Amino acid sequence: MEVYVLRLGHRPDRDKRISTHVALTARALGAKGIYFSCFDVGVFDSVRDVVSRWGGDFFIEEVNWRKLLMGFDGIKVHLTMYGIPLPEKLDEIKKAEKLLVVVGAEKVPAEIYELCDYNISIGNQPHSEVAALAIFLDRILDKTFDIKFEDAKLEIVPSERRKVVRELKEEKAYDDL
Ligand code: SAM
């Protein structure tokens, strides 16, 4: 299944850190890319910097959210504390081949509830878009602990007590030996 994320309502003056975490969580847990309803050079640059060092082809892109939602050729899921608990719809949603997950920052426009196919809660208490997205992706894709990123320059070697980071050298192939 291909999963994309739409970050709605990012406010550059106050959401830089959490929006960066939304994007990095999306990447780390298996989404293909993230769309922002607003451009923020700081957020976009730091996410692209992570991709260039830690690998993969995750993208971050500014879009018109209404056009994206109206034209998306897959299933659209809005995460909200007011929605239906994920376990009640998990099997249905897992049948999708292509999914767009919408997470808000401030209150989302009412029309989002209509434009999306599902309004889904991760527990019916207020918490965070990072937590909601992480639990959703883990339950839907179930590959949090198995993801590998192509062309990484850095890789962590899991360790009980130390910080071990391996620098991967670029390998070049020469055909004219
Ligand atoms: N009133 C908002 C709502 O509809 O959930 C809370 C705003 S919260 C700071 C920002 C985003 O976190 C929300 O737009 C939603 O995507 C996500 N979120 C927060 N709590 C959630 C929950 N219990 N279930 C699903 N998503 C949640």
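Read the numbers this way: they start at 1 and go in the same order the structure lists the ligands and their atoms. Reckoned from all heavy atoms, side chains included, excluding hydrogens, waters and symmetry mates. Please read these numbers as outputs of a predicted model, since none were measured by experiment.
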* Asked: Cation over ring, Arg48 on Phe58, under 6.0 Å and within 45°?
  -> no
* Asked: Which distance, rounded to the nearest 0.5 Å, do you find between the CZ of Phe36 and the CG of Asp40?
  -> 7.5 Å
* Asked: Between the side chains of Ser121 and Asn124, does any donor sit under 3.5 Å from an acceptor?
  -> yes
* Structure fact -> Lining ligand 1 at under 4.0 Å, by non-hydrogen atom distance, are residues Leu79, Thr80, Met81, Tyr82, Val103, Gly104, Ala105, Tyr113, Ile120, Ser121, Ile122, Gly123, Gln125, His127, Ser128, Glu129, Ala132
* Partners of Glu114 by salt bridge (charged side-chain N to carboxylate O under 4.0 Å, His left out), sequence neighbours excluded? -> none
* Asked: Between the side chains of Tyr113 and Glu111, is a donor N or O closer than 3.5 angstrom to an acceptor N or O?
  -> no
* To do: Would you check if there is a donor-acceptor pair between the side chains of His78 and Asn119 at a distance under 3.5 Å?
  => yes
